[in-house]
Amino acid sequence: MAPEAARVPRVIVGVTGGIAAYKACEVIRRLKQSGADVVVIPTLAALRFVGEATFAALSGNAVATDIWGDVQDVPHVSLGRSADAVVVVPATADFLARTVQGRADDLLGATLLTTRAPVVIATAMHTEMWEHVATQANVRVLRERGLIVLEPAVGRLTGPDSGKGRLPEPAEITEVVLQALRRRGTTADFQGRRVVVSAGGTREPIDAVRFIGNSSSGRQGYALAAMAAGRGARVTLVSANVSLPVPAGVDLVEVSTAAQLDDAMHRAASSADVIIMAAAVADFSPAQVAEVKLKKGTAPAAIELRENRDILRALVESRRPGQVIVGFAAETGDSEGSVMEHAQRKLAAKGCDLLVVNDVSGAEGFGSATNTVTILAANGSQQAFQSMSKAAVADAVLDAIGGQFIRTQ
Ligand code: CTP
């Protein structure tokens, strides 16, 4: 007998009336490319920005616009029931307010009331509207109800404005929806948790243009931030010198030096449930920094270095009750001990709950697409994972953190 074909997941794409509606087209295209069956429900206002024919052609399905169309199929109930995921892109401030009220006077509102599938909301609006207490209260209510409301990105807005309110990149929104589909049947297990992730590598200036740095790409930290957001967390990503697209739905704080990273992590830590130190932090920085560019022939005979504070250890020392703290360690074996012996010592010295150990004796690690890691827990347990994508490592780390919550509650 032929094996049963896997069911094609259905994604409903709601589009509301904002200028970013044209970017929904790219999300639809990407979801189709990933193999999903896509049905688009634009609001009437969305159709003033993008025509029905575009949505129909890109999705390959008739566009559902009206609660009164095809009444015999009861679309206001059937579409929501048939969905494996719903994404609203872009979501306006007005849409958020209406959704909080549970309005069902258009097809998108009715669909949101009938669906039991994960709902991802990608917001886009002007900064003042996003920051208004009414919008913030609406976002809070929707998140409490289990919807994944992505933070808008920071950047150029319509007209001369720029600031927070820009729609996250379509590729990033699509990734959150695909994650939600992968986790179908499971709950967004980090819903309501606040997660702070550091990523990248710090730079310690020598003069106006030179610095001591490292080659961390930031990919693992970014994958962790993206995955935590996809699992429902409120994520702050403290990023040191990374040139990667910002994952959808995370709050980005950009830093450069170890001292700035230290400061940003301590600020964010005060309200965090989980802290993940994936950044490669310089252990030393030059004691003197020349304000100008040092000229040829004026090079100092030696650069005096002073030791930076151990951020992870300081975070552990000032931790809130119940906070889970995770460190990373790239290790090689040497005459002093094996990779695991070094890692066990580091876990004990730092005092964190979990240490994600990366054996960098081989080719993997900084800059590579895959990682081979072992997750050590303070209670002595270890889990080893063979060469996995950084997204899969992120998932495994979050699973291990989830286990820590269960232990501490
Ligand atoms: N770390 C930190 N602050 C520092 C140095 C490291 O918070 N000043 C964190 C890293 O982000 C990582 C963990 O500590 O999560 C381990 O980093 P690593 O560089 O391996 O540790 P070190 O304490 O610097 O040990 P080593 O002597 O092996 O470099």
Side-chain angles (χ1 to χ4, degrees), residues 195-205 211-225 228 236-242 253 255-269 272 274-287 305-319 323-361 364-367 371-378 390 393-394 396-398 400-401 404:
V195 176
V196 182
V197 183
S198 72
T202 62
R203 290 180 180 175
E204 309 308 313
F211 58 83
I212 300 173
N214 61 67
S215 51
S216 171
S217 67
R219 282 203 214 161
Q220 187 60 71
Y222 271 51
L224 277 157
T236 301
L237 175 59
V238 180
S239 171
N241 311 299
V242 178
V253 179
V255 296
S256 185
T257 65
Q260 290 166 355
L261 181 67
D262 193 341
D263 192 47
M265 288 306 289
H266 277 86
R267 266 174 220 275
V274 178
I275 299 171
I276 306 175
M277 277 297 293
V281 186
D283 288 325
F284 310 99
S285 50
L305 298 173
R306 55 150 200 255
E307 192 150 327
N308 293 328
R309 181 159 84 138
D310 189 319
I311 304 171
L312 180 56
R313 213 165 44 209
L315 288 166
V316 168
E317 278 161 14
S318 61
R319 72 183 333 153
Q323 201 171 48
V324 177
I325 304 185
V326 183
F328 269 71
E331 298 287 348
T332 53
D334 57 23
S335 57
E336 306 282 300
S338 66
V339 166
M340 277 308 143
E341 284 162 351
H342 282 301
Q344 290 287 6
R345 283 200 282 269
K346 194 166 280 183
L347 176 63
K350 304 264 181 188
C352 49
D353 301 289
L354 299 170
L355 190 71
V356 184
V357 186
N358 193 355
D359 180 347
V360 286
S361 327
E364 285 183 325
F366 280 6
N371 256 355
T372 294
V373 302
T374 302
I375 302 178
L376 295 185
K390 295 200 175 188
V393 170
V397 171
L398 291 171
I401 293 170
Q404 296 285 315

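Whatever order the structure lists ligands and atoms in, that order sets their numbers, starting from 1.
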List, for ligand 1, each N/O atom that has a protein N/O partner under 3.5 Å away, with both atom names and the distance.
unit_1   : atom_1 : unit_2 : atom_2 : d
ligand 1 : 3 (N)  : Ile311 : N      : 3.0
ligand 1 : 7 (O)  : Ile311 : N      : 3.4
ligand 1 : 7 (O)  : Leu312 : N      : 2.7
ligand 1 : 8 (N)  : Arg309 : O      : 3.0
ligand 1 : 11 (O) : Ala279 : O      : 2.7
ligand 1 : 14 (O) : Lys350 : NZ     : 3.1
ligand 1 : 15 (O) : Met277 : O      : 2.8
ligand 1 : 15 (O) : Phe328 : N      : 2.9
ligand 1 : 15 (O) : Phe328 : O      : 3.2
ligand 1 : 20 (O) : Lys346 : NZ     : 2.5
ligand 1 : 21 (O) : Lys346 : NZ     : 3.2
ligand 1 : 23 (O) : Lys350 : NZ     : 2.7
ligand 1 : 24 (O) : Asp283 : OD1    : 2.9
ligand 1 : 24 (O) : Asp283 : OD2    : 3.0
ligand 1 : 25 (O) : Lys346 : NZ     : 3.2
ligand 1 : 28 (O) : Lys346 : NZ     : 2.7
ligand 1 : 29 (O) : Asp283 : OD2    : 3.3

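The residue from Ile325, Leu315, Asp310 that alone fulfils the side-chain contact (heavy atoms from CB on, under 4.5 Å) condition with Lys350 is Asp310.
Scored by the side chain to side chain donor-acceptor pair (under 3.5 Å) test, Asp283 finds no partners at all (sequence neighbours excluded). Annotation: side chain to side chain contact (heavy atoms under 4.5 Å, CB included) contacts of Arg203 (sequence neighbours excluded): Phe211, Asn241, Ser256. With sequence neighbours left out, the side chain to side chain contact (heavy atoms under 4.5 Å, CB included) criterion links Thr257 to Glu204, Pro205, Ala259, Gln260.
Of all the heavy atoms in Ala278 and Phe328, the pair that sits closest is CA-CD1, 3.8 Å.
Inter-residue side-chain proximity for Glu336 and Glu341 is flagged as unmet; no heavy-atom pair is nearer than 4.5 Å.
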